[in-house]
Protein chains: 2
Amino acid sequence: MSNNSIKNRLDNQRLAEAFKALSNPNRLKIFQQLMDCCTPGTVCSTEEVTKSCVGDLGNGLDIAPSTLSHHIKELSRAGLIRMERRGQHVDCWIDPGILEQLSRFFKGDPNP
Amino acid sequence: MSNNSIKNRLDNQRLAEAFKALSNPNRLKIFQQLMDCCTPGTVCSTEEVTKSCVGDLGNGLDIAPSTLSHHIKELSRAGLIRMERRGQHVDCWIDPGILEQLSRFFKGDPNP
DNA sequence: ACTATATTTCGAAACATGTCGAATAATAGT
DNA sequence: ACTATTATTCGACATGTTTCGAAATATAGT
């Protein structure tokens, strides 16, 4: 079976990694915060808000900065979010397309 | 935000557990097999097929029966699948509604 | 009762994860 | 250069997960 025929399709391994990234309550909260504040492909901080996404995403989580950094890196390695340095800060946003792909997986679509 | 806080934490917890259940490649394969063979709410084995779902779900996974049993229990504890004994076998099927709920989560719909 | 098949429970070993604090790097503004 | 802010890396420790094999349980058919 050529289950990799379509490039955009998430195979078993990549899917499992995405779910693993979301399996930690703190990481899931970070992801949800990004879902709330960022439309896919758009950087979280607008022009007038110069705060860093990384720092902001720790609000209400009660974890050390090193732990926050680690979680965000995990989300990035799993392909769920993107990050880019912007001065002192590092902006984060949800990978464009990943929400659609994961949503379709649970619909049982043969072409996620 | 005060009563939402508790509600969100519970939702967050339950969601994280669902994703954790799907974070293991073998468990994900089991779940996908159930997605393929079972429509939600319908027992996998039809009248003429008297095979057990639990035993069948181990096909092609190369894991010990005890490991398979453990994984299926995890999927059940996470609320992703249902199981019921039927004679010697234990039938498994996907929890009706869970696919819709998870699909909607990634669409950002405000839905329990 | 005995046997065969299907599934679960238990104990254990190897490995992975979440978390922290301390140290380090990157950048901006004095 | 110095300092402040932000974010990352590192080492460490406690806890959790994956997996197995052996033993136990459940059920059906003889």
Side-chain angles (χ1 to χ4, degrees), chain A residues 12-13 15-31 33-34 43-45 47 49-78 80-93, chain B residues 9 12-13 15-31 33-34 43-45 47-78 80-93:
Chain A
N12 182 270
Q13 195 69 255
L15 258 180
E17 276 165 20
F19 292 139
K20 178 152 66 180
L22 298 175
S23 73
N24 177 269
N26 283 330
R27 264 193 318 255
L28 181 56
K29 279 181 196 163
I30 293 167
F31 188 74
Q33 263 189 262
L34 283 173
V43 174
C44 176
S45 54
E47 277 70 30
V49 181
T50 56
K51 289 158 145 187
S52 155
C53 261
V54 169
D56 282 359
L57 292 170
N59 288 342
L61 283 188
D62 200 33
I63 55 177
S66 56
T67 306
L68 176 64
S69 179
H70 167 253
H71 282 324
I72 289 177
K73 197 170 83 175
E74 287 296 303
L75 288 170
S76 174
R77 296 208 308 120
L80 294 172
I81 70 171
R82 304 274 179 122
M83 35 199 321
E84 190 177 298
R85 183 141 224 145
R86 195 179 186 92
Q88 268 176 308
H89 307 278
V90 172
D91 287 331
C92 306
W93 66 97
Chain B
R9 279 192 64 171
N12 179 273
Q13 194 74 18
L15 260 179
E17 277 165 20
F19 292 139
K20 178 154 66 179
L22 297 175
S23 73
N24 177 270
N26 283 330
R27 259 188 327 252
L28 181 56
K29 280 180 195 161
I30 294 167
F31 188 75
Q33 263 189 262
L34 283 173
V43 173
C44 177
S45 51
E47 278 71 30
E48 65 266 15
V49 181
T50 57
K51 287 159 149 188
S52 155
C53 261
V54 169
D56 280 359
L57 291 171
N59 289 341
L61 283 188
D62 199 34
I63 55 177
S66 57
T67 306
L68 177 64
S69 179
H70 167 252
H71 281 325
I72 289 177
K73 198 171 83 176
E74 287 296 302
L75 287 170
S76 174
R77 297 206 308 119
L80 294 172
I81 69 170
R82 304 274 179 125
M83 34 199 322
E84 191 177 298
R85 196 167 256 284
R86 195 178 186 94
Q88 268 175 310
H89 307 277
V90 171
D91 286 330
C92 306
W93 65 96

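Protein chains get the first letters and strands the later ones, always in sequence-line order, with residue 1 at the start of each.
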Please say whether more than 12 non-hydrogen atoms of neighbouring residues, nucleotides or ligands are located less than 6.0 Å from CG in Asn59(B).
yes
With a 4.0 Å limit, can you tell me whether [X] has a side-chain N or O closer than that to the phosphate oxygens OP1/OP2 of [N]?
{"X": "Arg27(A)", "N": "dG18(C)", "value": "yes"}
{"X": "Lys73(A)", "N": "dT9(D)", "value": "yes"}
{"X": "Asn24(B)", "N": "dA16(C)", "value": "no"}
{"X": "Ser69(A)", "N": "dT8(D)", "value": "yes"}
{"X": "Lys20(A)", "N": "dA16(C)", "value": "no"}
{"X": "Thr67(A)", "N": "dC20(C)", "value": "yes"}

So what does Ile63(B) hit on the nucleic acid, given a heavy-atom distance under 4.0 Å: a base, only sugar-phosphate, or nothing?
sugar-phosphate
On the side chain of Ser66(B), is there an atom forming a donor-acceptor pair with the base of dG21(D) - under 3.5 Å, no angle test?
yes
Separation between NZ (Lys20(A)) and CG (Leu28(B)), nearest 0.5 Å, reads 12.0 Å
Taking atom P of dC20(C) as reference, at what distance in whole Å does atom CG of Leu68(A) sit?
10 Å
From the list dC20(D), dT19(C), dT18(D), which nucleotide is the closest neighbour of the side chain of His71(A)?
dT19(C)
